[in-house]
Amino acid sequence: IKHTGKHMAYKSQYDWFAVSNTYLSNKHKPWIETEYQGIVMENDNTVLLNPPLFALDKDAPLHYAGEICGFRVHNGPGGSGSAQFEAVVLDRSTGEGLVRSKEPLDCESQKEHSFTIQAYDCGEGPDGTNSKKSHKATVHVRVNDVNEFSPVFVERRYEASVSEGRLFDRIVRVEAIDADCSPQYSQICFYDIITPNVPFTIDNDGNIKNTEPLDSKRQRVHSFWVTAFDCGKNRAQADAQVIVTVKPSCKPGWIGWTKRIEYTPGSGSIPLFPNLHLEACEETVWNIQATVELQTGHIGKGCDRDSYSDRSVRRLCGAVRGEVDLLPPPSPATNWTTVLPTLPSSDSSLVFSFNGSTHVAVVPDSVASAVSGDHFTLQLWMRRGGASTQPPANQARGTRKEEETIICSTVKNDDSYSHYSLSVHGCRLSLFYWPDVSATRPVKFLWKLEQVCDSEWHHLSLSVQFPSVTLYVDGVTFDPALIHDNGAIPNPAPQQRLVIGQRCIKMIKCDNEDIYNFVSGYKGLLSGVTVRPGNVEPHSVVECLYACREGLDFGDLETLGSGMNFLVHVNPSQSVLVLEGDDIESFNRAVQQVTYRNSLRFATPGVRPLKLTTSLRCFSEESCLSLIQLEGYLVVLQPDAPQISLSGVGPHLARPAAEFEGPQGVPLFPELRIVCSLSHAVNTAAQGMEGGALMSDAVAHTLDGCEVQPLGEELNPEREELLVDMEALKERGLDIINTTAYIAITGAESISVYEDVLRSIRYRLAKGSARFERRFRLSCSEMNGRYTSNELTLEVNFLHSLDSLYHPSHLLASQQQFLHPSHHTGELSGHTLPNPHRNSVVPGAATVIIMVCVGFLVVMVILGVFRIRSIHRRSEGARGGGKEGSSQWDDSALNIIVNPMEV
């Protein structure tokens, strides 16, 4: 009071105390919590804080200094606290406050807000002088969501296609979303199908599946509606439509398979499966493997090959000459194969059967000595088990333990004997080789091969160039396992011996004669067993000898596109083709590229079974597809048979006998022409003609044999012979068999070569052995006798002079009464006579006798006719009173000449 200079009167002491406290100084700052957590609803602006907002001041209960006049809101990290929120004082004395939003909050826009708040007191007086502030406290406000939005489907319409007859784990999935910000109201709690009586169900994730197998015939399209609910039980604003189309049942497998495929010889390569494609029924696969198998084991020796003889094929393939045929066709000169049974073969080759006991071929020493040395090539065709023997069903491959010897040979070299034996033992092929039977131990070469125990035809080529040995099986090289055998194996006897089908063991010696025993017999078929001494055959020649002319092939890989992971594998015989890929579309294009080819102009007709085996690998191994094996057959049609025509040789060849008796004889076929043509049907309907016609096209062919055979009795070597230019045959690589019964020229060569050789064949007679006639027959063939020509018959007439034939003069005179110069010309038309003067030469005696007899018979018939008519007229004259007596037949001057040769 003294300070203010005012004089006041107070009613009591309390009033004085109050006035004095009001003007006391503001010593303390307000105090609030350091952090607050707040919640506000989207539809409210009051923020509920935890803990509640209270500001305390130690100056209380002083008036003004101990009271809270307000709160200030400061921007938080987002910079928007003061703009959106405010704080008000509810009670100045208690410091209670309230935080509220200035405008409605949107949880979907911003879920959380952060700002700071600060309290300040009322200072030292009503004007707030010397007001103090508290520290700043952080306020975190979370906006609580209100279920204000309903679910909305992503699509208004869902469509799917399924195959009939199956239950699916999921056909289609529908999806709805909710715009609310909280998990409680933004999540879709469940879906529901609102269309009644439909065979579908839906789960809480929106997956729709069928409750029963669907039938496209009963109902092809199913349409129904679904709705969605969020967790606040708000239903979707608009329902969604689901359309399920039922497809006819999808059967996984190959579509477009043709069971019968026809092949016309000469067509080259044809696609086997042009319309084939794989249907996986929407199954996801990551690997596809298909195996195409063409069964040609029944066609010849495993497949269709050149139908020429083995010797001709070796010549066509360029093999070095000098091979020795160890199993030649049985003949008097090659009698060691007569004891072996033979079997028919579709490729015209000779097949010998061995039973393992009694069937054995002992090659003569004269033949065996030609294949001495340690450099040679052994080639053969083999088939284990015989013609029709198959391994038992309960017997696995390779269980046969008996050793079977194919060939066993001991040959004499310069001053020693070498020995080798080729044997099969189960599925193993072994070659024992002794360089010197008296000084060294054998070396064993061993191969483990499935080909020697599968009862199929296989070609083996064994090239020995000791110590190197090379084996080709079906044209493929196989390396041996080398074994130096030091076991108790007895050395072969140092004596030349070559045995096929068994192994020869010397037992005892009786009366200065060796007694042998045959063991380890071979059971199966052999063909084309040859040995050629000297350098080994090149690989290209071996491939040519084995090469199949038919098989499976594959087109262009570039048509499949780049970047495709694809594999194609074909076995050496081209009977098995394997395709492997990972994409169905490219795999379908690849399958359509598989072709069958047959390069033979005259392919072997018949049926070739065909198989297609498919394996799939899926991402889901449990539900991966399993495809059945498809079976069909390829039919090779009968080829157009070639027509081999022999012409240019007349039916008669007349020459003076002296020419036949000359040193060169007379050519039998000097103007021979050989023409090969193919006759095929042509369509004449397009030309307005009815029916069909045949058209013949001349083509270039290769003959492999011609034969000249005398008809009647065989040639008499002492009086007649057929001359052939042997040097020309050798130069052209042709073989000849010249006997008294026939001449056979064999070997694959062109038509022009055979024409030159046949034109040079001459017929020669010995002096004084001329006869009146001799007939010959000529024929040719190709494909080892599969196609033959026409048979050309030639009659050879030997012209003799009359003086040399008939010496009695009366006989010659009587013949000249019936023969005139014109008759000679008519009988010998078409032949060139050396002296065409009258009476220089005459036809044979048989021709003269026939002409005389026929002339006499004609005269007698004419006289008989006139005699009968005369008798008839006489009888008529007697009945008529003798009116025509002057016209009766007068036979008083009739003379009958009797042929003196009639006797």
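The residues of the chain are indexed from 1 along the displayed sequence. Just the heavy atoms: all of them, side chains too, but no hydrogens, waters or symmetry mates, feed the values below.
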Could you go through the side-chain contact (heavy atoms from CB on, under 4.5 Å) check for Val362 and Arg497 one step at a time? CA-CA 8 Å; Val362 179; Arg497 198 77 168 174; 4.2 Å; yes
Is there a side-chain contact (heavy atoms from CB on, under 4.5 Å) between Phe354 and Ile500? Walk through the geometry before answering. CA-CA 9 Å; Phe354 294 83; Ile500 299 177; 4.0 Å; yes
Criterion side-chain contact (heavy atoms from CB on, under 4.5 Å) on Trp336 and Val360, from CA distance to verdict: CA-CA 9 Å; Trp336 68 87; Val360 60; over 6 Å; no
Between Ile406 and Leu380, is the side-chain contact (heavy atoms from CB on, under 4.5 Å) condition met? List the steps. CA-CA 10 Å; Ile406 299 175; Leu380 56 93; 4.1 Å; yes
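For CD1 of Ile736, the number of neighbouring non-hydrogen atoms (other residues, nucleotides, ligands) closer than 6.0 Å is greater than 12. Surrounding CD of Glu585 are at most 12 heavy atoms belonging to other residues, nucleotides or ligands under 6.0 Å away.
Looking at residues two or more places apart in sequence or on another chain, you find no side-chain hydrogen bond (donor to acceptor under 3.5 Å, both in side chains) involving Thr746. Checked against ring-ring contact (aromatic ring centres under 6.0 Å, His included), Phe445 has no partners two or more places apart in sequence or in another chain. Partners of His419 under the ring-ring contact (aromatic ring centres under 6.0 Å, His included) rule, at least two apart in sequence or in another chain, are Trp434. Listed by chain and residue number, Val570, Arg597 satisfy the side chain to side chain contact (heavy atoms under 4.5 Å, CB included) test with Gln574 (two or more places apart in sequence, or in another chain). A search for side chain to side chain contact (heavy atoms under 4.5 Å, CB included) contacts involving Ser409 returns Val411, Tyr420, Leu498, not counting sequence neighbours. For Glu749, the side-chain hydrogen bond (donor to acceptor under 3.5 Å, both in side chains) partners are Arg315, not counting sequence neighbours. In this structure Glu550 satisfies the side-chain hydrogen bond (donor to acceptor under 3.5 Å, both in side chains) test together with Tyr596, Arg608, sequence neighbours excluded. Under the side-chain hydrogen bond (donor to acceptor under 3.5 Å, both in side chains) criterion, Ser750 pairs with Ser752, sequence neighbours left out. Judged as a disulfide bond (SG atoms under 2.5 Å apart), and not counting sequence neighbours, the contacts of Cys548 are Cys303. For Pro435, the side chain to side chain contact (heavy atoms under 4.5 Å, CB included) criterion is met by Tyr433, Thr440, Phe466, not counting sequence neighbours. By the side chain to side chain contact (heavy atoms under 4.5 Å, CB included) test, Asn335 is found to be paired with Thr338, residues two or more places apart in sequence or in another chain being considered.
With rounding to the nearest 0.5 Å, the separation of CD in Glu631 from CD in Glu293 is 10.0 Å. Expressed to the nearest 0.5 Å, how far CZ of Arg532 lies from CZ of Phe376 amounts to 11.5 Å. Distance check, rounded to the nearest 0.5 Å: CG of Leu431 to OG of Ser421 gives 7.0 Å. Thr258 OG1 to Leu630 CG: the interatomic distance, rounded to the nearest 0.5 Å, is 11.0 Å. Rounding to the nearest 0.5 angstrom, the gap separating the CD1 atom in Ile407 from the CE atom in Met382 is 12.5 Å. Rounding to the nearest 0.5 Å gives a distance of 5.0 Å between CZ of Arg617 and CH2 of Trp286.
Arg786 and Pro605 make their closest contact through NH2-CD, 3.4 Å (heavy atoms, listed as atom of the first residue, atom of the second, distance). When all heavy atoms of Val636 and Thr604 are compared, the pair lying nearest together is CG1-O, 3.6 Å. When every heavy atom of Leu350 is checked against every heavy atom of Ser527, the shortest pair comes out as O-OG, 2.8 Å. The two atoms that bring Val594 and Leu579 nearest to each other are CG2-CD1, 3.8 Å, heavy atoms only. Pairing each heavy atom of Tyr522 with each of Leu525, the nearest pair is OH-O, 3.3 Å. Scanning all heavy atoms of the two residues, the minimum distance from Leu703 to Cys706 falls at CD1-SG, 4.4 Å.
A donor-acceptor contact shorter than 3.5 Å links the side chain of Thr337 to the backbone of Pro328. Put simply, the side chain of Arg384 gets close to the backbone of Val452: a donor and an acceptor are under 3.5 Å apart. Of the possible donor and acceptor atoms, one in the side chain of Thr334 sits under 3.5 Å from a partner among the backbone N and O of Pro329. In terms of modelled atom types and a separation under 3.5 Å, the side chain of Asp582 and the main chain of Asn287 share no donor-acceptor contact. Gln295 places no side-chain N or O within donor-acceptor distance of the main-chain N or O of Pro609, the cut-off being under 3.5 Å. No side-chain donor-acceptor contact under 3.5 Å links Trp457 to the backbone of Ile299. Side-chain N or O atoms of Trp447 include one that pairs as donor or acceptor with a backbone N or O of Phe478 at under 3.5 Å.
The shortest side-chain heavy-atom distance between Trp254 and Asn588 falls under the 4.5 Å cut-off. Residues Ile288 and Leu278 form a side-chain contact, since some pair of their non-hydrogen atoms from C-beta on lies under 4.5 Å apart.
There is no side-chain donor-acceptor pair under 3.5 Å between Gln502 and Thr405. Under the 3.5 Å distance criterion, with hydrogens and angles disregarded, no donor-acceptor pair is assigned to the side chains of Gln379 and Thr530.
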List the atom pairs, donor and acceptor, that lie under 3.5 Å between side-chain atoms in residues 259-273 and the rest of the protein, sequence neighbours left out.
residue	atom	partner	partner atom	Å
Arg260	NE	Glu262	OE2	3.1
Arg260	NH2	Glu262	OE2	2.9
Tyr263	OH	Gly268	N	3.3
Tyr263	OH	Gly268	O	2.8
Tyr263	OH	Asn598	O	3.1
Ser267	OG	Thr264	O	2.5

